[in-house]
S.K.: 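Let me give you the structure first, and then I'll get to my questions.
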Amino acid sequence: MKKNKKILLMGNPNVGKSTVFNEITGSHQHTGNWTGKTVDIAKGKYYYKFTDYELIDLPGTYSLLSSSEEERLARDYLCFEEYDCVVCVVDATNILRNLNLVLQVIEVTDKAVLLLNLNDEAKKKNIDVDAENLSKLLGIPVVRATARSGKGINELLEQIYLVSNNTIQNEVHTLFYSNTIENAVHRVTKGLKGNIETDKNLRFFALRLLESDDSFNTSFNAHFGDDILHKGSLRGNINTAKKELEQFGYNGDKYVKSITAAIFEKTNDIAKQTVRTLPSKKEKLEKNLDKILMGKFTSIPVMLLLLGVVLWITIAGSNYPSDFLRSVFDNFEIWLADSLIHLGVSQTIVSLLVNGILRVLLWVVAVMLPPMAIFFPLFALLEDFGILPRIAFNLDGAFERCGACGKQALTTCMGYGCNAVGVTGCRIIDSPRERLVAIITNSLTPCNGRFPLMIAIISMFFCKNSILSAVILLAMIAVSMLMTFLTSKILTSTVLKGVSSSFVMELPPYRKPKILSLIGDTIREKIIFVLLRAVVVAAPAGLIIWVLANINIADSTLLCKIAQVLDPIGHFIGLDGVMLLAFILGFPANEIVIPIALMAYLSTGEMGDYASLESLKTILTDNGWTWTTALCTCIFSMFHFPCSTTLLTIWKETKSAKWTLTSVLTPLLAGVVVCALINLIFG
């Protein structure tokens, strides 16, 4: 008996493929809702009936007619690698869409098993799939399962065992296309015989070679030899077949459309014969939710309302833990300073280490950690429940009209939590050009680190009422979204010209989130990631700020001298030199902008806090602030250079000084222009 059998796991996104992988191998792999989240091939091992198996989890894909990097990767592995069985994971609630891929897979190989997953969801929706009839119509085994609970996995392992050991022989029912296409396929298949050695179905290779798909031809040549497509007999058969197709009007586009139409017609026919749906309360509720969340007139207001609620919870909930952490850190600073002095360390060194480096570092942690600990899980909750994909769907059309990829809607949403996370999320965009557009414009999205400053200013200068303050903040966020659209359009019309790629988004069903798993993944993948990068830059920044605040030139500190130099530029954009310098020195994290400004306004040598918003407003107005200054500060907080964490992430993602610099200048230019206009009109 052959050992070390190789099994492929394939399926559309959101069908529970990763859950099946984890259940069989015992691995723990994050299950995401977004297309392309699992870009690399995941591998795991298991043992069954005296045989070692290697399970390979291919990226989620909708089709083998490749239009994305994930689909090309899955197609090439299926066509050109060796394996013993393919498991096609299908969502029992969405047979019609999922069978599209299954029909293409069984055109490549008859060594396949269909896993009908999410049967618990189907039962809730009163969807009944006739598995026995489905097996007859496809010619492969069909196994019912609910992978989350492990139900059906043992039966799946048995069917894999039988198929991979040739104990049962599948008799797959391949598609029939038009007579013209079938004749062309037959001609190319004859040319392939004798020219290539493979255990795959030559019919699928013939269909793809007639498409003139460059990516497939490249992979085909790479596997079978660089000159394979130029061999006389094969080349002649392909050219003759293509001419016959063209004679009957099957040019490139019509050929592909005919293939796609035949697949859809077959899946529709199979679905009609195997799926019976009865109306359910849950289905009606989901349809009503979709009418609200995706309605023409309700989607945007509801989206803003949800964002407002998340922001309100984040702000209100983070105040207390932030105050607690500040109190703990203040006491720690006092204890550490006293201990160092007691050990004989000079006052200057103590001030530099404690009031400079450590204070900035601890301030960043105290101010960033609580809102992140609230915002990111709430955001992940919206994702898992199925709301966030619908919000992204609502924004998809707007991004496409700007010449950008629809997936940028997802990365923009991520940016509200943290721009560094949003930039990392741009990996889901296949086109390098569109990925750059998303990276460059992500800093135009105000992250949760900018909200405390904006909320404080709104409360002091515009409105003390919490509800009205939230409305004003939402209005500013809407302005940031419009700026993102405008900047994306400018970039795609100038330095990043190109044709927008297609984006297929499958909306996942509404599901009850797994709270504990969600919190764990969020802490590990986002909160710790962001904090570590922030801390790396906070310590040296604290040193620089302390030095500027404690070196005196004539009768004032270097910090004040630099602020005076920047004063004309600051006034031009509605600020002053102190605030402009505070934004520059706040590069490690937006949260320390106000403390730095206070340090300059009060001429202290260390960062300090303010007693209340009223006391802060008094300090600001005494230094010449007006409502125009407040408005420009809010706008500049939204539109200025990325923070250190985001900038470091941009560099790591682009590996380009040019595009990193562009990512700095783009939001900065937007902020300067908008603030200068506001100051010109109202200043």
S.K.: Nearest 0.5 Å, what's the OH-CD distance between Y177 and E265?
M.R.: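 CD of E265 is found 11.5 Å from OH of Y177.
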
S.K.: Give a yes-or-no answer on whether the side chains of T167 and N165 include a donor-acceptor pair shorter than 3.5 Å.
M.R.: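 Result is no, nothing qualifies.
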
S.K.: Is it true that N100 and Q104 share a donor-acceptor pair across their side chains at a distance under 3.5 Å?
M.R.: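 A pair is found: one side chain offers a donor N or O, the other an acceptor, under 3.5 Å apart.
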
S.K.: Is the closest side-chain heavy-atom distance between L134 and L114 below 4.5 Å?
M.R.: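 Yes. Closest side-chain heavy atoms under 4.5 Å.
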
S.K.: Would you confirm whether N117, through its side chain, and V15, through its main-chain N or O, come within 3.5 Å as a donor-acceptor pair?
M.R.: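 Yes.
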
S.K.: Is the backbone N or O of I292 less than 3.5 Å from a side-chain atom of T298, with the two atoms forming a donor-acceptor pair by type?
M.R.: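 Here the side-chain-to-backbone pair exists.
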
S.K.: Given side-chain hydrogen bond (donor to acceptor under 3.5 Å, both in side chains), test K111 with N166 step by step and report yes or no.
M.R.: CA-CA 9 Å; K111 289 179 168 293; N166 298 315; 2.5 Å; yes

S.K.: To the nearest 0.5 angstrom, please state how far the CG atom of D214 sits from the OG1 atom of T218.
M.R.: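 Atom-to-atom, D214:CG and T218:OG1 are 6.0 Å apart.
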
S.K.: Apply side chain to side chain contact (heavy atoms under 4.5 Å, CB included) to the pair R148 and L118, showing each step before the final yes or no.
M.R.: CA-CA 8 Å; R148 281 182 291 187; L118 299 173; 4.1 Å; yes

S.K.: Do S488 and Q408 have side-chain N/O donor and acceptor atoms under 3.5 Å apart?
M.R.: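 There is such a pair between these side chains.
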
S.K.: To the nearest 0.5 Å, what is the distance between OH on Y83 and OG on S164?
M.R.: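 Going from OH on Y83 over to OG on S164, the span is 13.5 Å.
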
S.K.: Do the side chains of T412 and M481 get nearer than 4.5 Å, heavy atoms only?
M.R.: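 They are in contact (side-chain heavy atoms under 4.5 Å apart), so the answer is yes.
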
S.K.: Should I140 and V113 be marked as a side chain to side chain contact (heavy atoms under 4.5 Å, CB included) after you check the CA-CA gap, both sets of side-chain angles, and the distance that decides it?
M.R.: CA-CA 6 Å; I140 61 175; V113 176; over 6 Å; no

S.K.: Using modelled atom types only, decide if a donor and an acceptor are shared between the side chain of T260 and the backbone of S258 within a distance under 3.5 Å.
M.R.: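 No, T260 side chain to S258 backbone: no donor-acceptor pair under 3.5 Å.
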
S.K.: When you measure from the side chain of T267 to the backbone N and O of F264, does any donor-acceptor pair fall under 3.5 Å?
M.R.: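 Confirmed, T267 side chain pairs with F264 backbone.
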
S.K.: Does K489 offer a backbone N or O that forms a donor-acceptor pair with the side chain of S493 under 3.5 Å?
M.R.: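 Confirmed, S493 side chain pairs with K489 backbone.
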
S.K.: Show the nearest heavy-atom pair for residues V90 and V102, with the distance to one decimal.
M.R.: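 Minimum heavy-atom contact is CG2-CG2, 3.7 Å.
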
S.K.: Can you confirm whether P141 sits close enough to V163 that some side-chain heavy atom of one is under 4.5 Å from a side-chain heavy atom of the other?
M.R.: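 Answer yes - side chains close enough.
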
S.K.: What is the distance from atom CZ of R235 to atom CG of L209, rounded to the nearest 0.5 Å?
M.R.: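 Taking CZ in R235 and CG in L209, the distance rounds to 8.0 Å.
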
S.K.: State, to 0.1 Å, how close A92 and I127 come at their nearest heavy-atom pair, and which atoms those are.
M.R.: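 So the minimum-distance heavy-atom pair works out to O-CG2, 3.7 Å.
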
S.K.: For Y48 and E158, which I'm curious about, is there any donor-acceptor pair between the side chains at under 3.5 Å?
M.R.: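 Their side chains do contain a donor-acceptor pair, which is all the 3.5 Å distance test asks for.
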
S.K.: In terms of heavy-atom contacts, does CZ of F297 have more than 12 from other residues, nucleotides or ligands at under 6.0 Å?
M.R.: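 Not buried by this count: 12 neighbours or fewer within 6.0 Å.
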
S.K.: Does a donor on one side chain sit under 3.5 Å from an acceptor on the other, for N237 and R187?
M.R.: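 Their side chains do not contain a donor-acceptor pair, so the 3.5 Å distance test is not met.
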
S.K.: Would you confirm whether K266, through its side chain, and I263, through its main-chain N or O, come within 3.5 Å as a donor-acceptor pair?
M.R.: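 Judged by distance alone, no pair lies under 3.5 Å.
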
S.K.: Can you name the nearest heavy-atom pair linking A241 to A184, along with the distance?
M.R.: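 Taking A241 first and A184 second, the nearest heavy atoms are CB-O, 3.7 Å.
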
S.K.: Step by step, would you call I270 with L103 a side chain to side chain contact (heavy atoms under 4.5 Å, CB included)?
M.R.: CA-CA 11 Å; I270 293 174; L103 290 176; 4.1 Å; yes

S.K.: Y46 vs D52, test: side chain to side chain contact (heavy atoms under 4.5 Å, CB included). Steps then yes/no.
M.R.: CA-CA 6 Å; Y46 73 94; D52 291 314; over 6 Å; no

S.K.: With no hydrogens and no angle check, just 3.5 Å: does a side-chain donor-acceptor pair link Y250 and S178?
M.R.: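 A donor-acceptor contact under 3.5 Å links the two side chains.
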
S.K.: Compare all side-chain heavy atoms of P13 with those of Y62 and state whether any distance is below 4.5 angstrom.
M.R.: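 The answer is yes; the side chains approach within 4.5 Å.
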
S.K.: So which atom in N119 and which in A145 form the shortest heavy-atom distance, rounded to 0.1 Å?
M.R.: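 Scanning both residues completely, I find the closest heavy atoms to be ND2-O, 2.9 Å.
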
S.K.: Looking at side-chain heavy atoms only, is the closest gap between M10 and V105 below 4.5 Å?
M.R.: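 Contact flag for M10/V105 side chains = yes.
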
S.K.: Scan side-chain atoms only and decide if R433 and T492 contain a donor-acceptor pair under the 3.5 Å cut-off.
M.R.: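 R433 vs T492: no donor-acceptor pair found between side chains.
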
S.K.: Ignoring hydrogens and angles, tell me if any N or O in the side chain of N195 forms a donor-acceptor pair with the backbone of G191 under 3.5 Å.
M.R.: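 Yes, N195 side chain to G191 backbone: donor-acceptor pair under 3.5 Å.
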
S.K.: Kindly give the heavy-atom pair with the smallest separation between E107 and F204, and that separation in Å.
M.R.: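 Between these two residues, the closest heavy atoms are O-CB, 3.5 Å.
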
S.K.: What do you reckon, is CD of E81 surrounded by more than 12 foreign heavy atoms closer than 6.0 Å?
M.R.: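 More than 12 heavy atoms, drawn from other residues, nucleotides or ligands, come within 6.0 Å of this atom.
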
S.K.: Do NZ/NE/NH1/NH2 and the carboxylate oxygens of K136 and E171 come within less than 4.0 Å?
M.R.: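 Judged by the 4.0 Å cut-off on N to carboxylate O distance, K136 and E171 do not form a salt bridge.
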
S.K.: With heavy-atom distances below 4.5 Å as the criterion, would you say the side chains of L207 and Y255 are in contact?
M.R.: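 Yes, side chains in contact.
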
S.K.: Only one of N22, D57, N12, D91 clears side chain to side chain donor-acceptor pair (under 3.5 Å) with K17; which?
M.R.: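 Answer to the side chain to side chain donor-acceptor pair (under 3.5 Å) test with K17 among N22, D57, N12, D91: D57.
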
S.K.: Taking the side chain from S149 and the backbone from T146, do they hold a donor-acceptor pair closer than 3.5 Å?
M.R.: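 Pair found, side chain donor or acceptor close to backbone of T146.
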
S.K.: Quick check: do K5 and E54 have side-chain heavy atoms less than 4.5 Å from each other?
M.R.: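 Result no, sub-4.5 Å side-chain heavy-atom pair not found.
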
S.K.: Would you say that more than 12 heavy atoms from the other residues, nucleotides or ligands in this model lie under 6.0 Å from the NZ of K200, or not?
M.R.: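 Yes - once you tally the heavy atoms of other residues, nucleotides and ligands closer than 6.0 Å, there are more than 12.
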
S.K.: Can you find a pair of side-chain heavy atoms, one from I181 and one from L245, that are under 4.5 Å apart?
M.R.: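 Yes, their side chains come closer than 4.5 Å.
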
S.K.: Test K254 against E246 for salt bridge (Lys or Arg N to Asp or Glu O under 4.0 Å), laying out the working first.
M.R.: CA-CA 10 Å; K254 185 179 178 182; E246 289 174 0; over 6 Å; no

S.K.: Would R144 and D120 count as a salt bridge (Lys or Arg N to Asp or Glu O under 4.0 Å) here? Give the steps.
M.R.: CA-CA 10 Å; R144 291 183 180 274; D120 56 338; over 6 Å; no

S.K.: Going from CD on E71 to CG on L64, what distance comes out if it is rounded to the nearest 0.5 angstrom?
M.R.: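 Separation between the atoms: 8.0 Å.
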
S.K.: Judged by modelled atom types alone, do S219 and D76 share a side-chain donor-acceptor pair under 3.5 Å?
M.R.: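 Present: a donor and an acceptor within the cut-off.
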
S.K.: Please lay out, stage by stage, how E82 and K6 fare under the test salt bridge (Lys or Arg N to Asp or Glu O under 4.0 Å).
M.R.: CA-CA 8 Å; E82 293 185 2; K6 187 180 291 186; over 6 Å; no

S.K.: Can you tell me how far OG1 of T25 sits from CG of L55, rounded to the nearest 0.5 angstrom?
M.R.: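 Between L55 CG and T25 OG1, I get 6.5 Å after rounding to 0.5 Å.
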
S.K.: Looking only at heavy atoms, which two atoms of I160 and I7 are closest? And how far apart?
M.R.: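 Closest approach of I160 to I7: CG2-CD1, 3.5 Å.
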
S.K.: Below 30° counts as parallel, above 60° as perpendicular, anything between as tilted: where do the rings of F205 and F80 land?
M.R.: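 The rings of F205 and F80 lie parallel, inter-plane angle below 30°.
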
S.K.: For H223, does the NE2 atom sit with more than 12 other heavy atoms under 6.0 Å from it, leaving out its own atoms?
M.R.: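 Atom NE2 in H223 is packed in, count exceeds 12.
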
